[in-house]
2 protein chains.
Amino acid sequence: MAVTIIDVAREANVSPSTVSRVITDHPRISVKTKKKVREVMERLQYYPNFQARNLAARSTQTIGVVMANSATLAFQNPFFPEVIRGICTKAHAGQLGIYLSTGGTEEEIFQEVVAMVQGQKVDGIILLYSRVDDKTLNYLREMNFPFTIVGRPYEYENQIDFVDNDNRKIAQDVVNYLVELGHKNISFIGGDLKFVVSSDRLEGYQSALANHELTYQNQYFIHDFAYEQEGKEAIRHLMTQENPPTALVAHDDSVAYEIIRFLEELEIRVPEDVSIISFNNHALSEHVKPPLTSVDIHIFELGIKATELLLDRIKQPEREAVHQFVDTTLIVRNSCRSLNPREK
Amino acid sequence: MAVTIIDVAREANVSPSTVSRVITDHPRISVKTKKKVREVMERLQYYPNFQARNLAARSTQTIGVVMANSATLAFQNPFFPEVIRGICTKAHAGQLGIYLSTGGTEEEIFQEVVAMVQGQKVDGIILLYSRVDDKTLNYLREMNFPFTIVGRPYEYENQIDFVDNDNRKIAQDVVNYLVELGHKNISFIGGDLKFVVSSDRLEGYQSALANHELTYQNQYFIHDFAYEQEGKEAIRHLMTQENPPTALVAHDDSVAYEIIRFLEELEIRVPEDVSIISFNNHALSEHVKPPLTSVDIHIFELGIKATELLLDRIKQPEREAVHQFVDTTLIVRNSCRSLNPREK
DNA sequence: CTGAAAGCGCTTACAG
DNA sequence: CTGAAAGCGCTTACAG
């Protein structure tokens with residue numbers, strides 16, 4: 001019913017092969033023939049059938065994008081839309097489609113990825129997270145299927161393409177910044193340590209403390225911060241101990257917003273009573289009160305670079321693994337206070 | 001190289017037709033044969049080739065999702081990720097894939113949609129916006145291709161499937177709420193009137209004013225609110241006129257955040273000096289200062305319902321057009337103040 | 001209940 | 001520079 005390559009060929013008095021070659025702008029077709037065929041294509045409103053084309057050519061012209069938990073929490077976090085925006089931008093430039101994973105659980109996502117790979121739905125995959133012992137990651141690696149991670153892989157670092165921020169370093173920078181402001185009792189409110197980004201930042205925090213000869217104390221560390229009641233209790237506990245921290249490092253801006261709210265209920269003021277600094281610099285961090293000091297991790301660029309890496313890998317399946325680190329910027333706003341007397 | 005239906009057939013001593021029928025769980029294949037074939041599929045790690053399957057079956061098992069401007073602004077707005085989350089959830093339940101548009105300009109998006117339709121990349125399309133005289137929309141309608149809009153279409157309303165909030169009504173509700181609080185000078189900071197959502201909300205605002213016998217005044221209306229310098233100037237102008245409004249209705253929470261910031265610079269306090277109310281209830285509206293009173297429009301559900309409508313339409317191309325309105329909830333926080341003396 | 005055959009709409013060596 | 005033919009990996013009337 002739709003117009004096919006055969007219709008065009010008949011109408012233009014050439015063979016289907018020739019039409020096919022005109023579509024791909026094959027150099028050995030005469031300009032005259034190309035012109036004639038293109039006119040017919042235009043006139044008949046011909047568009048090549050995507051599936052037939054890819055089946056014959058053994059490619060798909062689409063890349064798969066896999067989130068940790070698309071259907072549940074992922075999109076609450078501004079990180080994902082922003083990386084995807086980067087991916088879309090680059091993909092669009094290369095005429096590639098984006099196929100989005102939709103699974104809700106780890107197992108569902110794994111099954112979807114297997115279907116993408118085995119069913120040849122996509123030419124390559126971008127993983128938007130990096131987790132310890134990830135079945136999906138291991139599968140892709142074992143299949144030797146083209147893929148890139150946004151984040152540092154837990155194992156086999158030098159066999160895998162990835163882009164990331166230098167999370168250990170930026171956590172150090174953040175601690176250094178607080179130390180310069182005169183803080184010594186610095187707490188860390190971390191994320192789920194199954195994610196490499198969380199453990200990297202924790203490591204950076206710890207090593208920065210060591211550099212400043214501040215000892216790491218377990219009671220200053222909240223691991224896998226929970227929202228709602230549980231998180232509130234953790235913050236209360238943290239702030240009412242004998243020697244409470246004067247500064248908090250939160251692993252994500254939305255965690256920082258929540259903490260500020262809990263602190264408020266405890267009548268602890270930011271930054272007067274406690275400073276807070278965080279990572280990821282969400283769009284709204286300039287609008288909350290107080291405006292949040294945060295590390296901008298250039299999420300859009302992570303998406304762009306990840307796509308570039310993947311396209312390279314698809315073209316050259318055997319090239320060496322490539323790692324790229326994307327720069328970050330500390331955005332100083334008003335959530336941290338100096339304890340140095342001379343600056344007060 | 002990958003294992004095909006032929007390999008499975010040979011190994012199971014049946015014909016490819018039979019394997020194919022086992023894949024689709026055809027009722028007329030004996031249980032015994034099914035069992036045997038499934039064992040072989042399992043053993044050989046067979047997965048049907050997605051493209052070949054769809055080419056032969058003339059379907060795609062994927063739906064296209066089209067944003068207004070994916071590569072630029074769309075993802076800044078929490079609306080899109082949240083609808084997409086709804087769409088993914090529903091699509092996943094039906095084993096469908098999601099194909100995301102990536103175009104940056106209106107024309108690019110149009111071309112992408114034409115390629116999706118003509119190239120038979122998708123079985124149906126969800127449009128995440130509704131705009132006046134939209135080329136893409138008109139094309140889909142003329143092609144009689146299955147599609148659904150999130151938003152009310154500008155024309156041909158009863159020929160098109162869509163889901164929406166009742167934007168005229170919720171704008172009225174918001175004005176009624178302010179009037180109950182004693183406000184009479186109510187300003188409206190609207191969006192781009194090319195989008196139907198913006199003009200619907202403006203209409204609701206106007207008719208509510210009329211109901212309360214308040215006259216609509218042009219100097220209370222800011223059309224197509226701009227961020228940055230231009231928006232700031234507009235707000236300054238609005239608030240320094242002879243008879244400034246005591247309440248502002250903003251067409252989106254992120255606009256409200258921005259306005260609050262401008263007001264601050266003008267040393268106008270919210271809600272003491274002016275009240276502000278808004279639509280869409282973004283996740284962060286409870287965290288800004290003051291916490292924002294906003295209408296929750298149940299974005300996730302818009303996504304779910306839109307997908308349901310589309311799946312129905314794909315199954316029954318000739319059924320009557322269906323419209324669904326998704327409920328909304330006014331979330332009262334602290335950005336509006338009562339002017340009624342008795343409540344003060 | 002199962003198989004042989006045609007077909008989905010392209011691409012691509014091969015040949016000239 | 002162009003065409004005939006085989007093939008990509010499936011599905012689905014048709015026949016038995």
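Per chain, numbering begins at 1; letters A, B, ... match sequence-line order.
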Asks: For A/Lys35 and D/dT2, give me the distance from atom NZ to atom P, rounded to whole Å.
Replies: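 About 14 Å, once rounded to whole Å.
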
Asks: Using a cut-off of strictly less than 4.0 Å, decide whether A/Ser15 has a side-chain nitrogen or oxygen near OP1 or OP2 of D/dA4.
Replies: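 No, no such contact exists.
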
Asks: Pairing check on D/dC14: which nucleotide meets the Watson-Crick or G-U wobble criteria with it, both distances under 3.5 Å?
Replies: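 Paired with D/dC14, as far as the under-3.5 Å criterion goes, is C/dG3.
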
Asks: In this structure, how many angstroms lie between the P atom of C/dC10 and the CD atom of A/Gln61, rounded?
Replies: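 Checked: the CD to P distance equals 15 Å.
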
Asks: Which whole-number value in Å describes the distance from B/Gln51 CD to D/dT11 P?
Replies: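 In whole Å, D/dT11 P lies 14 Å from B/Gln51 CD.
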
Asks: Counting any heavy atom closer than 4.0 Å, what does B/Ser20 reach on the DNA or RNA strands: base, sugar-phosphate only, or nothing?
Replies: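 The residue B/Ser20 makes base contact.
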
Asks: Hey, does B/Val14 reach any base, or is it just sugar-phosphate, or nothing, if we go heavy atoms under 4.0 Å?
Replies: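 If one applies the 4.0 Å heavy-atom cut-off, B/Val14 turns out to touch the sugar-phosphate alone, with no base involved.
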
Asks: Can you check the B/Tyr46 OH to D/dG9 C1' distance for me, whole Å?
Replies: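 The answer, rounded to whole Å, is 7 Å.
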
Asks: Would you please confirm or rule out a distance under 4.0 Å between OP1 or OP2 of C/dT11 and any side-chain N or O of A/Arg53?
Replies: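 For C/dT11, OP1 or OP2 has a side-chain N or O of A/Arg53 closer than 4.0 Å.
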
Asks: Between the base of D/dG3 and the side chain of A/Arg21, is there a donor-acceptor distance below 3.5 Å?
Replies: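 Such a pair exists between side chain and base.
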
Asks: Classify the nucleic acid contact of A/Ser17 as base, sugar-phosphate or nothing, counting any heavy atom under 4.0 Å across all strands shown.
Replies: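 Base, at least one base atom sits under 4.0 Å.
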
Asks: Check whether any side-chain N or O of B/Arg58 sits under 4.0 Å from OP1 or OP2 of D/dT11, and answer yes or no.
Replies: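 No, outside the criterion.
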
Asks: Nearest-Å distance, NE2 (A/His26) to P (C/dA13)?
Replies: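 Result: 10 Å.
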
Asks: For B/Asn13 and for A/Ile5, locate the closest nucleotide of DNA chain C by heavy-atom distance; then report the residue assigned to the nucleotide nearer the 5' terminus.
Replies: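 Checking each residue's closest nucleotide, the 5'-ward one belongs to B/Asn13.
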
Asks: May I have the distance from B/Arg28 (atom CZ) to C/dC1 (atom P), rounded to whole angstrom?
Replies: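 Atom CZ in B/Arg28 sits about 9 Å away from atom P in C/dC1.
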
